[in-house]
There are 2 protein chains.
Amino acid sequence: MDKQLKRMATMQRIQTTGLEIFYQKGYHNTSIDDILKELRLSKGAFYYHFQSKEEFFISIVQNLLFRKVYSSLIEPIEGEEDPLNKIAACFDNALETAEHNFLDYGFVLSNFITEFNGKNPDIMNYLQDILKVWEVNLVTALQKGKTDGYVNRHIDSEAVATYLISSYIGIRTLMVEGNGKMLRYKYIQQLRHYFKLIEHKEPA
Amino acid sequence: MDKQLKRMATMQRIQTTGLEIFYQKGYHNTSIDDILKELRLSKGAFYYHFQSKEEFFISIVQNLLFRKVYSSLIEPIEGEEDPLNKIAACFDNALETAEHNFLDYGFVLSNFITEFNGKNPDIMNYLQDILKVWEVNLVTALQKGKTDGYVNRHIDSEAVATYLISSYIGIRTLMVEGNGKMLRYKYIQQLRHYFKLIEHKEPA
DNA sequence: AGGGTAACAGACTTATAGGTCTGTTTATAG
DNA sequence: CTATAAACAGACCTATAAGTCTGTTACCCT
């Protein structure tokens with residue numbers, strides 16, 4: 001029974017550093033040997049646990065990426081009151097970790113989407129699924145915000161959700177250059193500015 | 001003298017279809033042979049005109065990408081009055097061509113930025129330069145809008161510009177899946193919504 | 001303790017892709 | 001018309017990377 005644990009442990013190890021290197025260098029630009037060299041493991045070990053590079057990547061998407069996106073960008077908003085402030089704080093928080101060159105999973109996601117778009121429909125589906133979960137959750141939060149009196153009832157929740165996701169993905173694409181702190185500040189500023197429009201206005 | 005023309009013509013041919021295929025399949029995932037096969041040309045022809053794959057790509061960025069981004073996203077706004085409406089119309093127009101699966105150069109740009117980030121600083125600089133020109137132009141247009149009475153004087157033009165670019169890049173990343181028409185509609189709707197905030201308010 | 005299997009090592013195979021090199025065509029100049 | 005160089009063809013070289021296969025180590029079970 002201990003072997004099961006060992007198996008899981010090494011698979012986790014390979015997947016974790018695999019995601020890191022895929023993120024840094026891109027999928028097509030990283031070889032299995034790159035990952036194995038970092039781990040001081042052999043080809044035999046890798047292909048004992050995974051069938052192929054593609055299957056390996058998909059396992060990363062499902063096991064790591066999905067859960068991380070969920071815990072960093074979805075869960076913090078779920079069920080909370082005052083969704084707009086929660087969303088702004090959550091985005092700000094995620095962008096802060098991104099500043100310090102840590103893995104920002106929302107961005108990793110869009111990164112891979114651009115890389116696999118039109119090339120691998122199979123992988124694309126898994127990636128798009130995560131986006132959909134994210135979007136659905138934002139819509140739900142906004143709708144709940146309406147009934148709780150935090151969000152203007154006349155806004156189109158779905159449109160706002162896609163607008164939020166797109167702006168987030170975009171700002172992260174721009175932040176690659178290094179002046180992240182300034183970009184983050186400007187972005188959050190405009191985001192909160194935008195939120196003023198869709199807040200619930202108390203009738204005078 | 002006619003040879004010069006022929007030289008330019010074939011170089012243009014290779015570059016044009018090169019950009020198309022690089023856009024479709026990504027830089028690392030397309031081989032020189034892919035491009036040459038499409039053109040029914042030989043390795044000899046290619047390496048007679050270009051030193052390497054990388055130098056070839058850079059020439060595409062400088063010759064094609066820069067000019068196309070300029071003509072599709074920068075020039076239409078330049079010097080116009082009522083910049084907000086101009087920007088919205090310009091973005092809407094660019095997104096419409098993107099719907100029909102044509103090359104949308106603003107997106108191609110961000111596409112390559114994500115692909116080369118952290119991998120090739122040399123190419124990254126050329127790509128970032130285009131972004132900077134875009135941003136500077138937006139800032140200029142917004143500032144001019146202030147003096148012309150179209151834009152609220154209290155807004156931070158630079159922050160708005162980065163916010164605009166990031167949202168545009170983001171929405172294009174999302175549009176890869178196919179439901180482009182709906183996404184475009186939602187995006188432009190929210191964009192115009194956002195613009196109401198930074199419009200010039202007539203004093204009552 | 002020892003047999004058996006899971007877990008891993010690493011040499012090998014094969015395909016692909018960037019780049020080279022030599023030969024051939026084409027076209028302009030004198 | 002011919003010499004000469006530009007423009008191109010395509011076989012070849014070489015490095016890399018995905019995947020295979022055989023051998024070896026480590027651990028569990030009886």
### Query
For the ring pair A:Phe107 and A:Tyr168, is the centre-to-centre distance below 6.0 Å?
no

Aromatic contact between A:Phe66 and A:Tyr126, with the criterion being ring centroids under 6.0 Å apart: yes or no? no

In numerical order, the residues of residues 40-50 of chain B whose heavy atoms come under 4.0 Å of DNA chain C are B:Lys43, B:Tyr47

The ring pair (Phe, Tyr, Trp, His ring centres under 6.0 Å) partners of B:Tyr194 (sequence neighbours excluded) come to B:Tyr163

**OP:** Ignoring backbone atoms, establish whether A:Arg7 has a side-chain N or O less than 4.0 Å from OP1 or OP2 of C:dA6.
**Re:** no

Original post:
Between A:Phe112 and A:Tyr23, does the ring centre distance come in under 6.0 Å?
Top reply: no

A:Glu54 CD to D:dA18 P, in whole Å, measures 12 Å

Contact check, residues 57-65 of chain A vs DNA chain C, heavy-atom distance under 4.0 Å, returns none

As a quick check of understanding, evaluate salt bridge (charged side-chain N to carboxylate O under 4.0 Å, His left out) for B:Lys186 and A:Asp156, giving each step before the final call.
CA-CA 9 Å; B:Lys186 289 179 182 174; A:Asp156 179 348; over 6 Å; no

Between CZ of B:Phe56 and P of C:dG19 the distance, given in whole Å, is 12 Å

Partner of A:Asp33 under salt bridge (charged side-chain N to carboxylate O under 4.0 Å, His left out), picked from A:Lys53, A:Lys43, A:Arg40, is A:Lys43

Going by atom types only, do B:Thr114 and A:Glu115 share a side-chain donor-acceptor pair under 3.5 Å? no

note: A:Glu55, atom CD; D:dG19, atom P; distance rounded to Å ~ 11 Å

Sorted by chain and number, sequence neighbours left out, side chain to side chain donor-acceptor pair (under 3.5 Å) with B:Tyr27 holds for none

Exercise. Just wondering, more than 12 heavy atoms not from A:Gln51 lying within 6.0 Å of its CD?
Worked result: no

B:Lys6 atom NZ is separated from D:dC8 atom C1', nearest whole Å, by 8 Å

Could you tabulate the donor-acceptor pairs under 3.5 Å formed by side-chain atoms of residues 68-76 of chain B, not counting sequence neighbours?
unit_1  : atom_1 : unit_2   : atom_2 : d
B:Lys68 : NZ     : B:Tyr105 : OH     : 3.1
B:Tyr70 : OH     : B:Glu78  : OE1    : 3.1
B:Tyr70 : OH     : B:Glu78  : OE2    : 3.0
B:Ser71 : OG     : B:Arg67  : O      : 3.3
B:Ser71 : OG     : B:Lys68  : O      : 3.2
B:Ser72 : OG     : B:Lys68  : O      : 2.9

Phosphate OP1/OP2 of C:dG18: any B:Ser52 side-chain N/O under 4.0 Å: no

field: Proximity of A:Phe116 and A:His28 rings by center, below 6.0 Å
entry: yes

Within residues 15-36 of chain B, those residues having any heavy atom closer than 4.0 Å to DNA chain C are B:Thr30, B:Ser31, B:Ile32

To the nearest angstrom, the NZ-P distance between A:Lys37 and D:dT16 comes to 11 Å

